[in-house]
Chemist: 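Here you go, one structure.
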Protein chains: 2
Amino acid sequence: MEGEKEFLKNYNIEKYDRPSVTTDVAMLTVRARQTDNYRTDERHSLSILLVRRGRHPYKGMWALPGGFLQRGESVEDCALRETVEETNVTPAALMPIGIFSDPGRDPRGWIISSAYVSVLGAEDIRQVGGDDAEDAKWFDISFDEKENEECELTLTNSDVVLHAQLHEKGSQFGRTDYDIKQSDLAFDHAKIIASAISAVRDQAKDANIVLDFLPEKFTLNEMQKVQEAITNVAVLSPNFRRKISGLVVETDEYRSGAGHRPAKLYRKKI
Amino acid sequence: MEGEKEFLKNYNIEKYDRPSVTTDVAMLTVRARQTDNYRTDERHSLSILLVRRGRHPYKGMWALPGGFLQRGESVEDCALRETVEETNVTPAALMPIGIFSDPGRDPRGWIISSAYVSVLGAEDIRQVGGDDAEDAKWFDISFDEKENEECELTLTNSDVVLHAQLHEKGSQFGRTDYDIKQSDLAFDHAKIIASAISAVRDQAKDANIVLDFLPEKFTLNEMQKVQEAITNVAVLSPNFRRKISGLVVETDEYRSGAGHRPAKLYRKKI
DNA sequence: CAAATAGTGTCTCTAAGACAATATCAC
DNA sequence: GTGATATTGTCTTAGAGACACTATTTG
């Protein structure tokens with residue numbers, strides 16, 4: 001009878017068929033756009049960071065940052081490492097979206113991907129671009145679910161507009177799954193992005209993830225606008241304030257100069 | 001310049017270092033135990049199905065059902081297939097728990113695991129045992145979180161008692177992560193089980209997943225007892241009834257013969 | 001009848017939605 | 001002053017928790 005030590009000595013992992021494993025990260029932030037009227041609030045829009053592929057396959061197309069899992073690191077470490085390498089941005093936390101493993105999802109062969117969302121505050125996004133990150137760009141997101149489970153994803157940039165049509169396949173355990181009907185993005189990344197957005201929208205209901213999108217100090221109106229950009233649902237400001245009052249603390253500072261009453265700055269409660 | 005077709009023709013996936021991928025499934029159910037007093041309700045307890053390993057490594061120890069991902073199947077299909085093979089039980093739905101990939105988690109080498117929870121109704125669990133499943137057994141779960149983030153997991157069976165001590169590492173996005181301090185189970189499965197339980201407890205708050213644990217027809221008291229077994233929190237029956245009234249529909253049948261007023265049987269609302 | 005669950009009604013408190021009203025600044 | 005956001009207060013309604021009470025069955 002073979003003992004465990006002996007078994008492990010003779011075990012040859014190379015004998016077995018195994019997939020390559022990649023990670024993909026949907027990095028989201030909320031950006032403000034200038035308005036004509038100096039008095040009026042900026043428009044806020046949920047945005048995603050994409051990189052243009054410099055290599056085959058899908059060379060020249062836009063894709064999520066990510067890459068192959070290396071020996072000695074956890075999947076989450078890999079997602080973090082690849083994100084920093086490709087975009088020069090270091091995400092604070094990664095939220096797992098799911099594992100994408102449909103046969104045929106990658107033309108190179110048997111490759112499965114573990115996908116994450118990360119959320120960036122206003123301070124982090126300035127770093128974008130750098131050594132390896134020349135082709136990393138922010139895209140404004142428009143993602144609407146129509147009546148008959150058909151969804152339209154549009155990613156817009158000053159130069160490019162990317163479209164994808166998806167079909168809502170089902171929603172279980174707070175994660176919605178989609179089928180791609182048409183996509184301008186590399187691989188099955190339109191599907192991953194749609195899942196990522198729906199996961200973040202789900203989280204934003206209890207307002208906690210909203211704070212991750214904000215800088216260290218922020219006005220309550222900014223916070224509300226960020227939530228509205230994520231969830232696509234407008235709320236009344238007194239009710240919003242009441243709801244999130246337990247999550248934030250006042251500072252002594254004010255934001256003024258906008259043609260109306262200055263707003264007190266708040267900070268995330270620890 | 002190489003085109004995409006040519007690139008793919010020359011691409012050799014074997015050149016790259018890659019991990020083996022397994023799935024592990026925590027199959028949960030709620031079982032009732034007889035009481036002395038014929039009038040009194042049965043005690044309900046959350047239970048998990050474990051298999052005794054017939055091979056190295058961890059030969060003879062108890063572990064979650066699961067196995068290696070094969071070419072041509074999705075990770076979820078693999079989890080389903082392995083579960084049926086090893087336990088003869090077909091789960092209705094799988095809820096993803098996360099991907100466990102710490103270096104060194106498997107003595108055979110670089111092996112990462114995608115973990116799922118599945119929930120079984122009272123009807124399904126009779127099938128357990130069969131061809132390959134002689135060593136599949138149900139264990140009662142006791143899982144308590146103490147003050148200082150220390151957790152004690154105890155799995156009990158008529159023959160065996162398995163212990164594990166865990167440390168709560170942090171809770172993010174509704175998933176709690178644990179460190180193993182001591183474990184009687186194979187691999188890092190104590191950690192996976194703890195994550196699975198905390199995920200199901202989280203879901204059970206909005207009562208929907210509770211229905212998956214029940215047979216086709218059930219009394220509201222049975223439903224309440226199941227929820228209490230999962231969450232470890234007792235509730236008042238009028239309030240419970242009010243809360244779940246929208247999730248169920250009456251049938252014409254009653255459950256009688258228990259020394260007290262018969263209870264109407266309900267069914268899950270579609 | 002006693003014990004035990006089945007099931008209803010209702011009081012209180014909290015949280016959410018709607019909306020009215022006041023405050024303060026830049027031009 | 002005017003137009004814009006900032007901030008507070010309050011009315012109403014929906015839901016959760018607590019609890020008292022009635023209904024029905026079997027030994």
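Every chain is numbered from 1, with letters handed out A, B, ... down the list of sequences. What you see is a predicted model, and the numbers here were worked out from it, not measured in a lab. The figures that follow rest on heavy atoms only: side chains count, while hydrogens, waters and symmetry mates do not.
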Chemist: Write down the distance between NE2 (A/H44) and C1' (D/dT5), rounded to a whole number of angstrom.
Modeler: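 Distance check: A/H44 NE2 to D/dT5 C1' gives 13 Å.
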Chemist: Whole angstroms only, please: what is the CZ-C1' distance between A/F240 and D/dA6?
Modeler: 14 Å
Chemist: Compare side-chain N and O positions of B/N221 against OP1 and OP2 of C/dA6 and report whether any pair is under 4.0 Å apart.
Modeler: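 B/N221 to C/dA6 OP1/OP2: side-chain N or O found under 4.0 Å.
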Chemist: Of the listed nucleotides (C/dC19, D/dT26, C/dT5), which one gets closest to any side-chain atom of B/T40?
Modeler: C/dT5
Chemist: If you count heavy atoms of other groups shown closer than 6.0 angstrom to CZ of B/R255, is the number above 12?
Modeler: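 Count over threshold, so yes.
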Chemist: Between the side chains of A/T156 and A/D140, does any donor sit under 3.5 Å from an acceptor?
Modeler: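 No, because no side-chain N or O of A/T156 sits under 3.5 Å from a partner of the opposite role on A/D140.
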Chemist: Grab the CZ-P distance between A/R43 and D/dA4 for me, whole Å please.
Modeler: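 From A/R43 CZ to D/dA4 P: 13 Å.
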Chemist: Is any side-chain N or O of B/N37 closer than 4.0 Å to OP1 or OP2 of C/dA4?
Modeler: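 Yes, such a contact exists.
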Chemist: How many Å lie between CZ on B/R241 and C1' on D/dA23, as a whole number?
Modeler: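 Rounded to the whole Å, the gap is 12 Å.
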Chemist: Measure from the side chain of B/T219, starting at C-beta and using heavy atoms only, and say which of C/dA6, C/dT5, C/dC27 lies closest.
Modeler: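 Nearest to the side chain of B/T219 among the choices is C/dA6.
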Chemist: Indicate, yes or no, whether a donor-acceptor pair under 3.5 Å links the base of C/dA15 to the side chain of A/N239.
Modeler: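 Per atom types, no contact qualifies.
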Chemist: Side chains of A/R31 and A/S47: any donor to acceptor distance under 3.5 Å?
Modeler: yes
Chemist: Between the side chains of A/K264 and A/D252, is the shortest nitrogen-to-carboxylate-oxygen separation below 4.0 Å, so that they form an ion pair?
Modeler: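 Looking at A/D252 and A/K264, the cut-off is not met.
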Chemist: Assess, by modelled atom type and distance only, whether the side chains of A/E228 and A/H44 contain a donor and an acceptor separated by less than 3.5 Å.
Modeler: no
Chemist: Send over the distance from A/Y38 OH to C/dC25 P, rounded to a whole Å.
Modeler: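 Distance, rounded to whole Å: 14 Å.
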Chemist: When the distance from CZ of B/R39 to P of C/dA6 is rounded to whole Å, what number comes out?
Modeler: 13 Å
Chemist: Heavy-atom nearest nucleotide on DNA chain C for B/L220 versus B/H260: which residue maps closer to 5'?
Modeler: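 Nearer the 5' end of the strand: B/H260.
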Chemist: Quick check for you: among D/dT7, D/dT5, C/dA3, whose closest atom lies nearest to any side-chain atom of A/S237?
Modeler: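 Among D/dT7, D/dT5, C/dA3, the one nearest the side chain of A/S237 is D/dT7.
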Chemist: Would you say a side-chain N or O of A/R261 is under 4.0 Å from OP1 or OP2 of D/dT5?
Modeler: no
Chemist: Quiz question: going by heavy-atom distance under 3.5 Å, is there a donor-acceptor pair between the base of C/dG7 and the side chain of B/R242?
Modeler: no
Chemist: Between P on D/dA4 and NZ on A/K225, what's the gap in Å once rounded to a whole number?
Modeler: 13 Å
Chemist: Nearest-Å distance, CG (B/D41) to C1' (C/dA3)?
Modeler: 13 Å
Chemist: Choosing from D/dA16, D/dT25, D/dT7, which nucleotide comes nearest the side chain of B/P262?
Modeler: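 Within the option list, the nearest is D/dT25.
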Chemist: Can you figure out which of D/dT8, C/dA26, C/dA16 approaches the side chain of A/K243 most closely?
Modeler: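 Shortest atom-to-atom distance from the side chain points to C/dA16.
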